[in-house]
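For reference, the structure I am asking about is given below.
Everything quoted here is computed from the prediction, not taken from an experiment.
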Amino acid sequence: MENHENSFDAVVVGSGIAGLYTVHKLRARGMRVRGFESAAGVGGTWYHNRYPGARCDVESIDYSYSFDEELQQEWTWSERFAAQEEILRYLGHVADRHDLRSAYEFSTRVTAADYDDRSGRWTIRTDTARTVSARFLVLATGVLSATNLPDIPGRDSFAGELYHTGAWPQHAVEFEGKRVGVIGTGSSGIQTIPVVAETAARVTVFQRSPNYSIPARNRPLTPEHLAEIKAGYPERRRLSRISGGGTPNSPHPRGALEVDAAERTRIYDQWWERGGYLFAKAFPDQTTNLAANDTAREYVEAKIRELVHDPEIADQLIPDDHPIGTKRIVTDSGYFEAYNRENVELVNLRRTPITEITPDGVHTSDGLHELDMLIFATGFDAMTGSLSRIDIRGRDGRTLRDEWSAGPRTYLGLSVAGFPNMFVVSGPGSPSVLANMVLTAEQHVDWIASCLDYLDENRVSTIEATEDAVAEWVAECNANAAATLFPAANSWYLGANIPGKPRVFMPYIGGLGKYRAICDEVAAAGYRGFVLDDPAGAEVKAMLAGLADFPDVTQHDPAELRALIRSRRAPLTHQPAMRIAEDRVIPGPGGDLTLRIYAPHDEGPLPVVVFAHGGGFVFCDLDSHDEFCRSMAAAVGAVVIAVDYRLAPEHPGPAAMEDVYGALLWAADHAVEYGGDPARIGVAGDSAGGNLAATACLAARDRGGPRIAGQVLLYPVIDDDFSTESYRRYGEGYYNTETAMRWYWAQYAPNGTDSRYLVPTRAESLVDLPPAVVATAELDPLCTAGDGYAERLREAGVSVAAHRFEGLFHGFLTIPALSLTEPAREKLWQMMRDLLA
C-alpha cells in the first residue's frame, strides 16, 4: 500500500545523458516516473566536471542524441570537441525541450533502495528524508561520477584553495599569480594543466603514472561542414551503431605488421593529424598484439620527444608500464608543450613520493613544494563507485555491495541476479566507456523500454537475470578482455586506481555493434537468461483465478445477470454489531428511494458518510455491500447511509447520480436523528459508486449545496478513456476487464458521455470541490484514470490524499476473504477518519 504521491512506475537515479533519455523514453510509454539527482541541475558528469580545459574526447557531432531528429538538425555545435559549458548547455536544452526537469528532485541523493518480494516493488530512500516506491528501478548513475580523493596524510590541513576536478565549483577560480599544484596526470589533469599554466605564477605537476595523450586538433565547425554532417546523419548513425566504438570511424583493413614500415608510418601520421584517442584504433590489432602495439607506442614516444624540449622531462612523461591504448588515450590541447614553459615543474612521484600535505603545501621525499592552490585530478571510483555508495538490497535482503565484493557481476551489464526489475544503464559488463556513451545509453534505454513492452504484453510483472546467465556473461567478458592487452594496464577499467578494489576488467570489450546484436538476440529469444514472473502473492493469484469465472456481463440480460450474481453471493461471515441498522424509504428524484442506515455504538455527533455501491451501474445492491458498510461505520466511527440507487440500463445516467445527490440532501436534514453531525457529511463510493460520489460532489457545488466535508473515491470509474497505461497492462486477466467496462458504459450512458455528471473529468474546472481520498488498485484497468483525477483535483487546489494499493486488483476492498483486505481497509479507515475529523 502506497501513498500515490510517493508511488511511481519507475524511479530513475541520475540526470546525465542516460538518465535524461530514460525519463523521456519511459514517460513516452505512459509511465509515472520520478528522477533523483544529487546535483542542483541536469547534466551528470558534465554538471560537475567544470575544471579548466574540460571537454569531450568524442566529436561533438557524434556525442549527441540521435532519438530526436529535429534536435539533431537544429542544434549547432561550435567546435569539433565541445567544451564542458557547451555540452551542459546542450543537455539543458534537451531537458527543457522535452520537459524532463519536472520529473526530477534535484539536490537529492539516493541513499538506499530495497526490493520487497511480496509487492514486487522497490522502496527508495534519499538524504532529504524522501521515501518513494516504484515497480522499476533504473540506475543511470554514470560511470565517472564518484570522485576519488586519495587519503594522503594531512590532506585536509592544507590552508590554501583545494579543488577536485570532478567536483569543480560553479564560481570562477582564478590562477593568476598563484602557485598551483596538480596531483594526477589522467584525462582531467592533462586537460587542466595547460590552461592553468597560462596565468599561474607556477604550476607543480605531481605525476605518479604518465599517460599517452594525442593532440585534439580541435577547431571550429564551419557551417558548410555542419550542413554536410547533418545531411548525412542517417548513414553516420547507422555506421556508428554497428561499429566497435559508437562512431563512424573504422581502422585500417590490415594489421600493423601486415603493412610495410612506410605504409604504417603514413597511417599513423593520418591518425596523429586527425587527433584524439582514436589513434588507438589506427590498426585493428593495436590492442591485441604486443608487437603491433609496439609500433604505435614507438611512434607516439617519438612525437612526445619532439614536443618536449627537455629530453629528461620527456623521458619522465613517456609511460613505461602499459601498452598504448590499454588505458584510454587522452585528448589534449598543448599538454606536452606546457612542460616547455618556465613556470611548469614536473615532480616524479615514483622517484620522490608524497609524504604528507601540510598547510603550506605538499611534502615529498625531497622537500616542501609551497602552494597557494592544490588541485586533485585523481579521477573517479569508476563504473561501480556511484552504485556502491547506495545501499541497494534485492531479494532476501542481499546487498549489491556483497554481491559485487569480488568485482561486479551482471548479465549484459543491464541486470543483476537477485535484484528484480532493476536495470543498470551503461554499467559494468556493457561497452560503456569503451564506446560513445550517448549511443550506448540510447541502446540500453531503448532495450529496457522494449523489454517493458514485452512484460506488459505478456502480463509479466518482474524480470530478473538468472545466476547462470550472469556467470556465463562474466566469463565471456573476461575471455574477451583476456584476448587483448588491456588487462596488462593498471587502469581504472580494472579499478586499479582505488585501493582495495577488486581487479576485474569491467567493460564489455567486444564492441558496441556486436553487443547490440547480442542484446537483440536475447530479446528475440523471449529474454533468454532472465526469469520472468508475476510477484503477486499466491493468495492474490488464487483469488484472481477464482474470479476468472465471474459471469461474462456482455452475455446476460441485466435482470438475469443480477439474479445470477445474487445466487453466487457468499454468505457473510463478519457483521459488526450496529446501534442502528435499518432501511428507510424516502422520496427520491425518481420515486421511492431506499436507504440503509448504519449507526455504530460510538457516542456522537458522528460524521456521516453517504455511500454508493459499485457494480458497473448495472448490478449490486444494499445487501452486496452490507458487510463493507457495517465495517466502515464501526471502524471510521461514522453514520453510514447506503443508497439503493436506480440501476442501468432501465435508468440510464445520470439517474443514479441524482439518487445519490438526493440522499445527500436528505442526510443534511436528517443526520441528527441518527446521531450524525450535519456539518461533517461525506460521500463515498467504490467502482461505479466512486463515479457517483465524484459526480454528486460536482452537482452539490454547481447547485449550491449541501456542503460536503469530503469525498472518498475507491478505485472509481472516473473516465471512459480506454487508452491509458493501466488499461494496456491490466485490461484483461485481472477480474475487471476492458470488455466489461465498455459494456457498463454502454448501459449507463447510451447517449454519450459528454456530461460532467456522467464523467467527472468532463468538468471544465474542479475548483471548490470537497477534500478527497482517492484509493486505486495497481492491477486494475481503472488505476491510471483514478490517479490522474487525484492529480487534477490537487492542481485545482483541492486537498487530496491519494493512495495506490500495490499488488491488488479491482474490488479487493469488498472481499473480506482475502487476507490482504484487512490491512488495506485499516489504511483506508484511517484516511477516512483523517478526512472527516
Under 3.5 Å donor-acceptor, Arg55 side chain and Phe81 backbone
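Confirmed, Arg55 side chain pairs with Phe81 backbone.
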I'd like to know if the side chain of Asn421 reaches the main chain of Ser461, judged simply by a donor and an acceptor atom lying under 3.5 Å from each other, with no hydrogens or angles considered.
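Flag set: sc Asn421 to bb Ser461 pair under 3.5 Å.
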Using only atom types and a distance under 3.5 Å, with no angle test, would you say the side chain of Thr462 pairs donor to acceptor with the backbone of Asp533?
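At least one qualifying donor-acceptor pair exists.
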When you measure from the side chain of Ser15 to the backbone N and O of Gly44, does any donor-acceptor pair fall under 3.5 Å?
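Flag not set: sc Ser15 to bb Gly44 has no pair under 3.5 Å.
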Using every non-hydrogen atom in the two residues, find where Pro420 and Glu464 come nearest and quote the distance to one decimal.
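Here Pro420 and Glu464 meet closest at CG-OE1, 3.4 Å.
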Report yes or no: does Glu161 contribute a side-chain atom to a donor-acceptor pair with the main-chain N or O of Leu374 at less than 3.5 Å?
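Side chain of Glu161 to backbone of Leu374: no pair is present.
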Can you name the ring-ring contact (aromatic ring centres under 6.0 Å, His included) partners of Trp168, sequence neighbours left out?
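If we apply the ring-ring contact (aromatic ring centres under 6.0 Å, His included) test to Trp168, skipping adjacent residues, the hits are Tyr163.
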So, for Gly429 and Thr410, which heavy atoms are closest and what is the spacing to 0.1 Å?
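Shortest heavy-atom separation between Gly429 and Thr410 comes out as CA-OG1, 3.8 Å.
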Yes or no on side-chain hydrogen bond (donor to acceptor under 3.5 Å, both in side chains) for Ser66 and Arg241, after CA distance, side-chain angles and deciding distance?
CA-CA 11 Å; Ser66 67; Arg241 292 188 178 97; 2.6 Å; yes
Does a salt bridge link Glu403 with Arg409, judged by any charged N lying under 4.0 Å from a carboxylate O?
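A salt bridge is absent here (no side-chain N lies under 4.0 Å from a carboxylate O).
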Is any NZ, NE, NH1 or NH2 atom of the basic residue among Glu791 and Arg794 found under 4.0 Å from an Asp or Glu carboxylate oxygen of the other?
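A salt bridge links Glu791 with Arg794.
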Could you measure the distance from the CG atom of Asp116 to the OG atom of Ser133? Nearest 0.5 Å is fine.
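Between atom CG of Asp116 and atom OG of Ser133 there are 9.5 Å.
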Side-chain donor/acceptor of Asn458 to backbone N/O of Val460, under 3.5 Å
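Not at all, since once roles are kept as given, no pair shorter than 3.5 Å links the two residues.
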Between Arg729 and Asp9, is there a salt bridge with N-O shorter than 4.0 Å?
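Salt bridge: yes.
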Any donor-acceptor pair under 3.5 Å linking the side chain of Thr22 with the backbone of Ala18?
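At least one qualifying donor-acceptor pair exists.
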Atom pair CZ/CH2 of Phe423 and Trp447 - distance to nearest 0.5 Å
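Answer for the CZ-CH2 pair, Phe423 versus Trp447, is 6.0 Å.
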When you measure from the side chain of His444 to the backbone N and O of Ser426, does any donor-acceptor pair fall under 3.5 Å?
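Answer holds: yes.
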If I compare all heavy atoms of Ala469 with all of Tyr411, which pair ends up nearest, and what's the gap?
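Closest approach of Ala469 to Tyr411, heavy atoms only: O-CD1, 3.6 Å.
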Measuring from Tyr727:OH to Asp780:CG, what's the distance to the nearest 0.5 Å?
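Going from the OH atom of Tyr727 to the CG atom of Asp780 covers 8.0 Å.
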Plane angle bin for Trp473 and Tyr508 - parallel if under 30°, tilted between 30 and 60°, otherwise perpendicular
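If you compare the ring of Tyr508 with that of Trp473, the planes turn out parallel.
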Tell me whether the count of non-hydrogen atoms from other residues, nucleotides or ligands lying under 6.0 Å of CZ in Arg109 goes above 12.
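Counting other residues, nucleotides and ligands, CZ of Arg109 stays at 12 neighbours or fewer.
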State the CE-CG distance between Met31 and Leu26, to the nearest 0.5 angstrom.
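Reported to 0.5 Å precision, the distance equals 5.0 Å.
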Trp75 and Tyr90 aromatic ring geometry - parallel, tilted or perpendicular at 30°/60° bounds:
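Geometry flag for Trp75 against Tyr90: perpendicular rings.
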Is the backbone N or O of Pro169 less than 3.5 Å from a side-chain atom of Arg50, with the two atoms forming a donor-acceptor pair by type?
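Not a single qualifying donor-acceptor pair exists.
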Between Tyr104 and Phe36, is the gap from one ring center to the other below 6.0 Å?
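Here the rings of Phe36 and Tyr104 have centres that are no less than 6.0 Å from each other.
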After noting the C-alpha distance and the side-chain angles of Val424 and Thr141, does the key distance pass the side-chain contact (heavy atoms from CB on, under 4.5 Å) rule?
CA-CA 8 Å; Val424 181; Thr141 50; 6.0 Å; no
Pairs under 3.5 angstrom only: tabulate donor-acceptor contacts from the side chains of residues 94-101 to other protein residues two or more places apart or in another chain.
from, atom 1, to, atom 2, distance (Å)
Asp96, OD1, Arg101, NE, 2.6
Asp96, OD1, Arg101, NH2, 3.4
Asp96, OD2, Arg101, NH2, 3.4
Arg97, NE, Asp68, OD2, 2.7
Arg97, NH1, Glu74, OE1, 3.1
Arg97, NH2, Glu70, OE1, 3.4
His98, NE2, Asp68, OD2, 2.9
Asp99, OD1, Ser102, OG, 3.2
Asp99, OD2, Ser102, OG, 3.2
Arg101, NH2, Gly92, O, 3.4

Got a salt bridge between Glu467 and Arg398, using NZ or NE/NH1/NH2 to carboxylate O under 4.0 Å?
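Salt bridge between Glu467 and Arg398, a charged N being under 4.0 Å from a carboxylate O: yes.
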Strictly below 4.0 Å, N to O, side chains only: are Glu806 and Arg121 in salt-bridge contact?
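A salt bridge links Glu806 with Arg121.
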Under 6.0 Å from the ring centre and within 45 degrees of the ring axis: does the NZ or CZ of Arg328 meet both conditions for the six-membered ring of Tyr277?
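Checked: cation-pi criterion met.
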Got a sec, which residues hit salt bridge (Lys or Arg N to Asp or Glu O under 4.0 Å) with Arg135, two or more places apart in sequence or on another chain?
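Once residues adjacent in sequence are excluded, the partners of Arg135 under the salt bridge (Lys or Arg N to Asp or Glu O under 4.0 Å) criterion are Asp456.
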Is a donor on one side and an acceptor on the other found under 3.5 Å between the side chain of Ser726 and the backbone of Thr784?
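Checking the backbone N and O of Thr784 against the side chain of Ser726, a donor-acceptor pair under 3.5 Å is found.
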For the NE2 atom of His803 and the OG1 atom of Thr776, what is their distance to the nearest 0.5 Å?
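OG1 of Thr776 is found 10.0 Å from NE2 of His803.
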